[in-house]
Protein chains: 2
Amino acid sequence: MDHVDRILAQWNRERPDLDVEPMGLLGRLARLRTHLAREIEKALAEHGLNSASFDVLATLRRSGPPYRLSPGDLIATTMVSSGTMTNRLDQLEKAGLIARSHNPDDRRSVIIALTPKGSALVDEAVTSHVANQHRLLENLSTDERAALDGLLRKFLGDFE
Amino acid sequence: MDHVDRILAQWNRERPDLDVEPMGLLGRLARLRTHLAREIEKALAEHGLNSASFDVLATLRRSGPPYRLSPGDLIATTMVSSGTMTNRLDQLEKAGLIARSHNPDDRRSVIIALTPKGSALVDEAVTSHVANQHRLLENLSTDERAALDGLLRKFLGDFE
DNA sequence: TGATTTTATCTTGACGTCAAGAGAATCTCT
DNA sequence: AGAGATTCTCTTGACGTCAAGATAAAATCA
């Protein structure tokens, strides 16, 4: 009988005409994600980052040398709008973690590159971020993680 | 080989020293939640609501007659800060969906009540919201839903 | 009773996000 | 070559959220 169960019980009493079973799964997913996001923000804050800025730096870092992508590339992998990405890049540029330059092959386009400072920071941040992720999953067994990951993969497949 | 798998493959190439396995599960959870949240916002928008305002109205509605709770009660169930709740209540009051009144037993406290208009709207909205939730889960079998819900319940238990 | 602490709500200021649209460059197709 | 469609990025304005602090009332306890 967790928090979500209590919500379902209330709906069953007040609106017995509704089959609210899916609300349990979706509610738990949403609440869980909120808790996890807060934990992750806390860990990244120790490096002066939030998950928004980290996502951009991490996408550049894992793309490999020369650590350059266009804003459009970054938008495609991060699920944010172009306005959001412009804002993120503005902040990161101001902080000296990325640099913008023109793309000589397409003058509409911009090249975003990790600066040495950005590269060093993201390497440090990702190490502790991954350690934090291990901690967040520590109470799930190997089998449980595999089962959960498999179900999430299938579910996510419905949307992308 | 989904989007998240590609991210993990990149990290394995660029940072083979890291065990990024947890990132798969957590990444899928985060992406899935983003997709689901967008679908849910779309459905609620048809009633002039967003998930923030719906959550408040729904919490009042399912609490049962007389459909009254304090802001503190609402904060406790919705995982938002007091500032956020004040803002939500301001919007809902302006829209005529809830009304504020003083609690005669504790003058620090406020009573938030669903207006008839708010009550009618949330009853309509929750019906289509639940139908939408059924749609979002339609590609998962009964067994898969039960397994996923069970794992999410256990995982969520680590945080609340 | 009176001083202190706690509780409940609201205010303020900053931040991240998005939708809509603008501006500039490239592509397509005749 | 030229016109129109498309692509890429940035700008603007609105919104939701939070942390920190203000305000007011109630509870605690000397």
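Here is the naming used below: chain letters follow the sequence lines, and residue numbers restart at 1 for every chain.
Ion pairing between R100(A) and D90(A) holds under the 4.0 Å rule for side-chain N and carboxylate O.
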Please list, pair by pair, any protein nitrogen or oxygen found under 3.5 Å from a nitrogen or oxygen in nucleotides 23-25 of chain C.
none

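Residues from residues 48-65 of chain B placing a heavy atom under 4.0 Å of any atom in DNA chain D, listed by number, are N50(B), A52(B). Within residues 73-81 of chain B, the residues having any heavy atom under 4.0 Å from DNA chain D are, by residue number, M79(B), V80(B), S81(B). The stretch residues 85-103 of chain B touches DNA chain C through T86(B), R100(B), each having a heavy atom within less than 4.0 Å of the strand.
Legend: ring pair (Phe, Tyr, Trp, His ring centres under 6.0 Å) pairs involving residues 79-117 of chain B, not counting sequence neighbours: none detected. Listed by first and then second residue, the salt bridge (charged side-chain N to carboxylate O under 4.0 Å, His left out) pairs that reach into residues 124-135 of chain B are E39(B)-R135(B), sequence neighbours excluded. Among pairs with a residue in residues 32-77 of chain A, those fulfilling ring pair (Phe, Tyr, Trp, His ring centres under 6.0 Å) read H35(A)-F159(B), F54(A)-H129(A), at least two apart in sequence or across chains. Within the structure, ring pair (Phe, Tyr, Trp, His ring centres under 6.0 Å) pairs that include any residue of residues 108-127 of chain A do not occur (at least two apart or interchain).
Looking at heavy-atom distances under 4.0 Å, G72(B) makes contact with sugar-phosphate atoms alone, never a base.
Close approach of DNA chain D to chain B, defined as any atom under 4.0 Å from a non-hydrogen atom of the protein, starts and stops at dG16(D) to dA26(D).
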* Test log, rule side chain to side chain contact (heavy atoms under 4.5 Å, CB included), inputs I112(B) and L69(B) -> CA-CA 5 Å; I112(B) 307 299; L69(B) 293 171; 5.6 Å; no
* Step by step, would you call D2(B) with R31(B) a salt bridge (charged side-chain N to carboxylate O under 4.0 Å, His left out)? -> CA-CA 12 Å; D2(B) 66 7; R31(B) 288 182 76 88; over 6 Å; no
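Residues passing the side chain to side chain donor-acceptor pair (under 3.5 Å) test with R33(A), sequence neighbours excluded: none. When the salt bridge (charged side-chain N to carboxylate O under 4.0 Å, His left out) test is applied to K94(A), no partner is found at least two apart in sequence or on another chain. Judged as a salt bridge (charged side-chain N to carboxylate O under 4.0 Å, His left out), and not counting sequence neighbours, K117(B) has no contacts.
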